[in-house]
Amino acid sequence: MDDYKEKEVFAEIAKKRQQQIWGPILSSTILFVLCVGNSLFPMMLPSQLRFGLGVQFVLLVVILCNVVTTYHFDKQIKKLKQQLS
């Protein structure tokens with residue numbers, strides 16, 4: 001009986017972690033679009049959304065950190081799911 005409850009807990013944790021992955025993916029996508037838009041079409045963006053090369057570099061580092069973190073958590077979720085099987 002304890003094994004069944006443990007599997008339920010692991011399944012719930014894996015489900016919640018999977019839902020938490022979408023935040024970094026969405027934020028990375030938005031930041032990437034802003035960086036690309038700022039580089040390729042600077043005159044089409046409102047002046048409030050334009051930023052310099054230094055800010056673009058920082059945003060790219062943030063995007064990279066989000067991608068690495070998301071990849072790590074995705075691997076952990078897959079391990080949990082394999083343990084449940």
Side-chain angles (χ1 to χ4, degrees):
M1 191 64 150
D2 288 333
D3 190 42
Y4 178 74
K5 287 186 179 189
E6 186 176 310
K7 285 186 178 186
E8 279 186 0
V9 169
F10 278 139
E12 188 64 29
I13 289 171
K15 182 179 176 184
K16 288 183 180 185
R17 291 286 184 210
Q18 188 70 35
Q19 292 170 349
Q20 290 175 344
I21 286 177
W22 288 106
I25 290 173
L26 182 62
S27 65
S28 293
T29 304
I30 291 170
L31 291 174
F32 182 75
V33 167
L34 281 174
C35 282
V36 169
N38 193 40
S39 296
L40 298 178
F41 311 108
M43 300 311 289
M44 294 180 76
L45 289 173
S47 61
Q48 296 89 355
L49 293 179
R50 288 187 223 145
F51 36 84
L53 191 58
V55 174
Q56 287 181 358
F57 178 74
V58 170
L59 289 178
L60 290 175
V61 170
V62 169
I63 291 169
L64 180 64
C65 290
N66 273 346
V67 169
V68 169
T69 304
T70 303
Y71 177 74
H72 171 73
F73 281 124
D74 189 47
K75 284 181 69 172
Q76 295 296 335
I77 289 168
K78 287 178 182 176
K79 284 182 184 178
L80 279 174
K81 286 182 179 180
Q82 286 177 352
Q83 288 176 357
L84 292 175
S85 300

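We use all heavy atoms of the structure for the numbers below, so side chains are in, but hydrogens, waters and symmetry mates are not.
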Tell me, please, which residues at least two apart from V68 pass side-chain contact (heavy atoms from CB on, under 4.5 Å).
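Listed in chain order: L64.
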Residues that S27 engages under side chain to side chain donor-acceptor pair (under 3.5 Å), provided they are two or more places apart
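Here the qualifying residues are N66.
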Same apolar cluster (I L V M F W Y, side chains within < 4.5 Å links), [X]/[Y]:
X	Y	result
F32	V62	yes
F57	V36	no
I63	Y71	no

